[in-house]
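Input: a single structure, listed below in structure tokens.
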Amino acid sequence: MSSFSSGQMQGWLNKQVMLAFTHMMLMAEVMGYDTAPMEGFEQDKVHEVLRLPLSYWVVALLAIGHANGPDKFDGGRFDMGHTVFGEEYGKPLKL
């Protein structure tokens, strides 16, 4: 990994963190907790709140707790024809 560029290292790091997140989310569910992975946050604000050194890179945040109210089956997602394609982009998947 010493030959990785900064971008390659960041890509590798993102994959490793998301693998760990997956296991953490699965274990939390087994233990009766709910999870909410978060991306799209302001890196500098996270550093400020958590008092992290600037040399640290936060890939994602994971909230773990108990849901407030019942689960929603459909949170308003696009239908499959809008996001899932078969063979090539833009051709709907035939079920």
Task: Check: M24 and L62 side chains under 4.5 Å, non-hydrogen atoms - done: yes
Open item on the list: Is there a path of hydrophobic side-chain contacts, each under 4.5 Å between heavy atoms of I/L/V/M/F/W/Y residues, joining F21 to M27?
Closed with: no
Open item on the list: Please give me the minimum heavy-atom distance between D34 and A67, naming the atom from each residue.
Closed with: OD2-N, 2.8 Å
TODO: Can you sort out the partners of Q8 under side-chain contact (heavy atoms from CB on, under 4.5 Å), two or more places apart, ordered by chain and number?
DONE: F4, S5
Task: With V58 via side-chain contact (heavy atoms from CB on, under 4.5 Å) - residues at least two apart - done: F41, Q43, V46, H47, L52, L61
Euclidean distance, [Y] [atom2] relative to [X] [atom1], rounded to 0.5 Å:
| X | Y | atom1 | atom2 | value |
| --- | --- | --- | --- | --- |
| E39 | N14 | CD | CG | 8.0 Å |
| M31 | L26 | CE | CG | 13.0 Å |
| Y33 | I64 | OH | CD1 | 9.0 Å |

Open item on the list: Within the supplied structure, the quantity of interest is the number of heavy atoms (other residues, nucleotides, ligands) at a distance under 6.0 Å from M38 CE; does it exceed 12?
Closed with: yes
Open item on the list: Using side-chain contact (heavy atoms from CB on, under 4.5 Å), reason through L93 and F85 one step at a time and then give a plain yes or no.
Closed with: CA-CA 5 Å; L93 180 65; F85 307 108; 6.0 Å; no
